[in-house]
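Along the sequence shown, residues carry numbers from 1. These numbers come from the heavy atoms of this one structure, side chains and all, not from hydrogens, waters or symmetry mates.
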Amino acid sequence: MNWNLARGLVYLACLAASGLAMAGLADFDLMTGSFDLRPFNLYALTGTAGGVISSALASVALWRGWGRK
């Protein structure tokens with residue numbers, strides 16, 4: 001197993017967990033080390049994610065010059 005990859009994945013998971021906690025979507029108890037994800041509306045998440053992902057892809061296409069002749 002590639003230990004650098006495993007360590008990197010743990011760092012990314014911790015970054016995502018801290019981002020969720022800062023956004024108010026999760027709770028982290030420092031004494032017990034427990035991470036509790038709050039309930040969220042999956043339909044609202046997918047509706048919002050579609051717009052965000054399409055805008056990000058359009059920005060990447062503009063930056064990379066895709067579609068130019």
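With R7 as the partner, the side chain to side chain contact (heavy atoms under 4.5 Å, CB included) test is satisfied by one option alone out of N4, V10, L5: N4.
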Scan the side chains in residues 50-65 for donor-acceptor partners under 3.5 Å anywhere in the protein, sequence neighbours excluded, and list what turns up.
residue : atom : partner : partner atom : Å
S54     : OG   : G50     : O            : 3.1
S54     : OG   : G51     : O            : 3.0
S55     : OG   : G51     : O            : 3.0
S59     : OG   : S55     : O            : 3.0

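Pairs engaging residues 15-34 under the side-chain hydrogen bond (donor to acceptor under 3.5 Å, both in side chains) rule: D27-R38, D29-T32, T32-S34 [sequence neighbours left out].
Residue L30 shares its hydrophobic cluster (ILVMFWY side chains chained together at separations under 4.5 Å) with L20, L25, F28, F35, L37, F40, L42, L45.
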